[in-house]
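Okay, structure first, notes after.
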Amino acid sequence: MRNLLRHHLFWPVAALVALLVANTVASPSFLAITVRDGHLFGAPIDILRMTAPLLLVALGMTLVIATRGIDLSVGAVVAVSGAVALSYIASSSDPESPVTVLTAIALALVLCLLLGVWNGFLVSVLGIQPIIATLILMTAGRGVAMLITGGMITTVNSAPFKVLGSGFWLGLPVAAVIAFGVFAVVAFVVRRTALGMLLEATGINPAASRLSGVRSKTLTWTVYAAAGLFAGLAGLLISADTMAADANNAGLFIELDAILAVVIGGTALSGGKFNLSGTLVGALVIATLERTVTVVGISPLVTPLFMALVVIAVTLLQSPRMRARLAAATRGPATTTTPPEPQSAARPDSTEVKAR
Amino acid sequence: MTTSAPARASRALKIPTRLDRRYLPVVGTFVVLALMLVVGGSRYDNFVSPAVISNLFINNAHLIVLAVGMTFVILTGGIDLSVGSVLALSTVVTAALLQAGWPPAVVIPLGVGAGTVIGLAHGVMVHYFQVQPFVATLAGMFFARGLCFVIAPESIAIDNASFVSLASWVQIFGGWRMSSGVLIALIVVGIGFLVLHFTRFGRTVYAVGGGEQSALLMGLPVARTKVLAYVVSGTCAGLGGLLFAMYSRSGYSLTGVAMELDAIAAVVIGGTLLTGGTGFVLGSVLGVLVLGLIQTIITFEGTLSSWWTKIVIGVLLLIFVALQRVLSLRRT
Amino acid sequence: MTQQTPSPVVEMTGISVEFPPVKALDGVDLRLRPGEIHALMGENGAGKSTLIKALTGIHSPTAGTILVDGVERRFTGPADARTHGVSTVYQEVNLCENLTVAENIMLGAEPRLLGGLHWQAMRRQAATHLQRMGLSIDPASSLGSHSLAVQQLVAICRATVGDCKVLILDEPTSSLDTDEVAHLFTVMRALRDDGVAILFVSHFLDQVYDISDRMTVLRNGRLVNEFVTADLPAAELVQHMIGRSMDVLEAAEDVAEHVSRPADGTPLLQVVGVGRKGSVQPFDLDLYQGEVVGLAGLLGSGRTELARLLTGADRADAGQTRLAGTPVRLRTPRAAMDLGIAYTSEDRKGEGVVDGLTVRENIVLGLQARRGWMRPLPRKQVDELVASYIQQLGIRPADPEALLRNLSGGNQQKVLLARWLATAPRLLVLDEPTRGIDVGAKAEIQKLVADLAADGMSVVFISAELEEVLRISHRIAVMRDRRKVAEIDGGEATMDQVVDLIAGGGAA
Amino acid sequence: SDAGTAEPGGSGENAGADDGVITLGFSQVGAESGWRAANTKSIQDTLTEDNGFELKFSDAQQKQENQIQAIRSYITQGVDVIAFSPVVETGWDAVLQEAKSAGIPVILTDRAVDSSDDTLYESFIGSDFVKEGEMAGEWVVEQYDGEGYQAVELQGTTGAAPAIDRKEGFASAIEGSDVEIIDSQTGNFTRAEGKTVMEGFLNKHDDIDLVFAHNDDMGLGAIEAIEAAGMKPGEDIKIVTIDAVKDGMQALVDGKINYIVECNPLLGPDLAEVAQKVVAGEEVEKRIVVKDEAFDQAAAEEALPTREY
Ligand SMILES: Nc1ncnc2c1ncn2[C@@H]1O[C@H](COP(=O)(O)OP(=O)(O)OP(=O)(O)O)[C@@H](O)[C@H]1O
Ligand SMILES: Nc1ncnc2c1ncn2[C@@H]1O[C@H](COP(=O)(O)OP(=O)(O)OP(=O)(O)O)[C@@H](O)[C@H]1O
Ligand SMILES: [Mg+2]
Ligand SMILES: [Mg+2]
């Protein structure tokens, strides 16, 4: 019990479970999964599909945050990606052909990769602060997306493209398979190679890393490029979901959701140690939260209040102070007379200094 | 300034007699701002006129106040994402209470105080619970916005006579105009400047941003300072809401969406580092003027479609940041 | 010196501090009397800094009592301690680099004018304090623009401002050279004579013997005993500290004799006219394989800058570098590393430790960076490597998974050294590698350097401790005013000779 | 008020009309939707030089302060007419007063302003959002009253005038019938959110008969959700929306939507006409309600081929 409580994913997972319970109470069949035409259906499957784009964006965001950066432009990149792909499909003579669709996807992904490279250039070469560097693309990117679609919502009918949004593979939604697959691959690469450690070193102490021979600039650059690419992929999933490219609203505020997912997952925004499994849980929490609002039937007027309270609850429970309290409480009175100093490995800047 | 010429003068660091490096980003901002005015003036008629410059201040008075508050928080190494929502909350509270017939003398402190209270909550979360500022204030942002909806989803007009007369007070000097909002904003800037540079609290704000742990080991009151910085920012957001309510004579729950980004951008453009510890309030004011000027240029251009507007804002921002960067790199 | 023993101003008894599972302090006592300089001695990781932090309220002891002026107290933090007259300079310089020197000194006790800060008075007062420390820097300059040594002195200035009954200095001299130390000691003696109790931590035995009246020795978090300095011979002290006899140290004494001059041939690194505007005047330097070249000079003489130019940490704007005869360009640390050149910065906190990573990760960081991210070192190899360095350098705790920030200062330094040794460079540039390292470990490091050189590695060795430089260098390059002024043979050089050169013919 | 009296260059200089070209400053809300884009395009295509206009256009990016700033700027630039679609209903008195003092007439489009002084503007051209909601509700009652329909509502952006008014209109129209709104949540006027919210409704309720969406986009999102759940939109669950953009009309023709109330974005011609009259000093109507049609499937089939947006 004690170890469980101490685990860094305890509270995020607890939040997820609590939300699922709340949903099940409001709608008893919530967790039911049915099989229809060999596909799985049901709210949990919906949630997996809803999580997919957010998970991709949060994945890129985690890596960027590890290097002490932040990427505000992902929402705009999502919009650009959808706009490019759908405009290409819409303007092609044969929207139903897989070749067209693959070309559209490749086009969108390459462009988004370039947008990421652009961000990386501003941050790592010109040395502009990440928040401002990516604010530029956040503003202009949506303009570009609107330019591509002429401000209208571009709609297409293309079965191969629709597969991305509502297709199934091995009974699971294709979008979820793609996102969770990419996530697993990246997590594997990052943790099985030295990439993760080098990223963390760059985030914790850039000067020391540079002197240790870490190619910090290249790494930083790569990470922004990756964030762009993943956002592009997310953009494709989002536009395939409704088969429409909405330059104004696609991916709106997804950067905030992604950052929130990263933070709920226990990665500090100050860079350094990151936690991809936490990000996964964080993304699931946020997607479930969105669903909860509808299922539990919270009035739109208080929805933001409700979101705020959940976020505050999760973050407060995760805070070192609360952890220490709870740890002390679960440890029981018998062991020591004076409560030992809380060890807060979770906060990089606070271990040496006790704030009382 | 030292009293006697020391024997070890040869080892003393040679202080450059030129401008202090710390002021470079601000000077960079100023130079580029001036350049923009010159370029704008040569492109459009009437661009560099007292009326346009006065309007620049009148239209951005609330943002100036937000930026001053944001500067405090960013200097401590934090960030406050809630200011846009808190501003909206303040406008809604003000408008709703005035509509309910409360006197302005009671309503105004309540509107501003709402911001103070939320700021205090942020400070407590950030310092005592060690919630990351981004998250704490993001929660605050949802919270304030939610509260707005609960109080009044629809926009409320303000027609309280004394409030309106306060709001429409204008002083005219030739072509120049100064509204009550601008006057308040300038006073806030002045206070912000004095507090940051001439009080222990102000210097501790810088110290905390320079290194929280160091500041703590130096025996400075880190806790109080950090909490107070968020209180300042919240109060400024509340005051910004008051100014916006005066400016628009209404309260509306959807006001100021994404305005926190404008405030942050202004502060950063003004040369403050997001990592904390370096920056100036006056820089932030320049930052606000830059953003305002970009908007003015867009209006004067008069032919941009919606998307080109966004793209041009992005490009101007880029040119600005790049130029500023080049200027400050050159000199160092 | 005080004859009778006045009652202690600080009395700590039975102090225990735990960082589960580590018991950093176990029932330690410490008594500080007014008007005495009390040395706190012990190996790296013995618990000296922890004891100090327990006193000032940064760590809360799990057991024990603290009496200050006879009243039992648990301070809530440095601020609280300071208001009760306990001023501390912690081991790592903890000041705000973004503020001015004057602010760093005066904040908290700042002069006021009309309720606001009185900047002019603040600068004036700061200047006076600086002068006492022998520093003539501009109080209005920002602290970050000064070297670590100056920052150290500024930190000490800060501690002496205001009403202080107890002054605690945790390794204040580790980055100072003889002159500065002499100044500091003058100030310390003056304070002592005013009745201040001073707690002093240093790994320099001669300094300790020079200044302290009494000492408390810790070993492995336990109290060994309290001694009167004059009654305790150095050899015995070392034995108390490290639990071994002086043999190790004696081994170090002969280091210089063990190594032989390398065979002639093309130098491994040949530097011609390399310099950088505003940093170091163009200099020439040849480094042969298997040779240890020491850099000697005063604070700010440009040793660090020279080292940085040699290793690509800073980019030279003039001159040529040849490695084994072929011209090379050292534009980045990475480029230098690829050529087998490694650099350990003197700024442990800023440019050395990656404090959020573990000991293991910190040790392999350099090697891994050099291999590239795609070729991760096999875990087994990593573990062996790390285990061998932990053992070889005596890193404590010997736990590869400990976070670096939880290590004592000296142990962090050892980890950094291991990082560079692991990359097996051809040329190793060590800037103050022994700073903050205890006597035993220091001797081991010196021996290690000698062994490495014997195996063919070239080493550039910078240390504030001239003795150390003399002992292990084959050749000594002397720096003065950011210029290389002389080069002398290490075997023949004498202390006086080098001191003369450093000071510019005794003109300093 | 004294607010506008010192406007230099503003007053009296609007001699633009004399040379036959009307300079019109238009401040658009933003480009937040396809509807808005069509609205902008209609205005830009109508107020051309060929038609005797010089259009100064600015996009306020959904910010009232930008709009106020743009209007002030038009006053300084001395345009002949100012037109704008207010982001919010309130808060315009001061700046409109300035325009009035400078002698520049103001025309509102699409959304109204909430002001006690209606001399501040010449005319308001736009749809009646409450009416739109009512029309949708009336059709629902007419078709399905007596069948005990359970409806869900996809609201527009919380706090926005169209969302508030359409909700109100619909609710008042179904009052007294046995159509019941069992759930209502915001979909922020977007397809994606329309889809997720609808998915949630489908998870929660087993017996939804009708969806009322405050715009086509959310309705289209709901269609996706209904299809994904294996049901037939338009048959198993009826759908009523507002806007009548092309995609919505197509869905109506395809039988996936049952009824659409139009909200006409093509305000350009009306604006041009009113502007010309105002400049010429003619009397104009204070309120010009744009004619909103409503389409059922047959009407949609007829209208679709000529649909402009
Ligand atoms: N915050 C912490 N968490 C865990 N362990 C710690 C922490 N701080 C210190 N320690 C451990 O406590 C022990 C004593 O450390 P301390 O810093 O007091 O040593 P020291 O005597 O000052 O050594 P040095 O001479 O190297 O500075 C070490 O083993 C260290 O690893
Ligand atoms: N006592 C001092 N007074 C004034 N300035 C100093 C003093 N000591 C160092 N400096 C300044 O600090 C800067 C750093 O010098 P640098 O680090 O190159 O010296 P160094 O020879 O490596 O000495 P060390 O490494 O021992 O500090 C220089 O700009 C120098 O002018
Ligand atoms: Mg120590
Ligand atoms: Mg040095």
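What you see is a predicted model; the values in this text were computed from it and never measured. Chain identifiers are assigned alphabetically (A, B, ...) following the order of the sequence lines, protein sequences preceding nucleic acid strands; residue numbering begins at 1 within each chain.
- With a 4.5 Å cut-off on non-hydrogen atoms, C:D338 touches chain A through its side chain but not through its backbone.
- Annotation: maximal heavy-atom pairing with chain C below 4.5 Å, among A:P206, A:G196, A:S209, A:A201, occurs at A:A201.
- Formation of a donor-acceptor pair under 3.5 Å by the A:N205 side chain with backbone atoms of C:D355 is not found in this model.
- Interface summary for chain A: among C:G77, C:S345, C:P78, C:G350, the most heavy-atom pairs under 4.5 angstrom belong to C:G350.
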Legend entry - Audit row: C:V364, A:M197, side-chain contact (heavy atoms from CB on, under 4.5 Å) steps and yes/no: CA-CA 10 Å; C:V364 296; A:M197 186 186 84; 4.0 Å; yes

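- Rounding to the nearest 0.5 Å places CE of C:M337 at 7.0 Å from OG of A:S212.
- In this structure, the side chains of C:E361 and A:E200 come closer than 4.5 Å at one or more pairs of heavy atoms.
- Residues C:L357 and A:I204 have side chains in contact (heavy-atom distance under 4.5 Å, counting atoms from C-beta outward).
- Residues A:R192 and C:P376 form no side-chain contact, since every pair of their non-hydrogen atoms from C-beta on lies 4.5 Å or further apart.
- Residue A:A208 comes nearest to C:G352 through the heavy atom pair CB-O, 3.3 Å, listed as atom of the first residue, atom of the second, then distance.
- When the candidates A:L211, A:V214, A:V189, A:L219 are compared by the number of heavy-atom contacts under 4.5 Å with chain C, A:L211 comes out ahead.
- With contacts defined as side-chain heavy-atom distances shorter than 4.5 Å, the pair A:L198/C:L365 qualifies.
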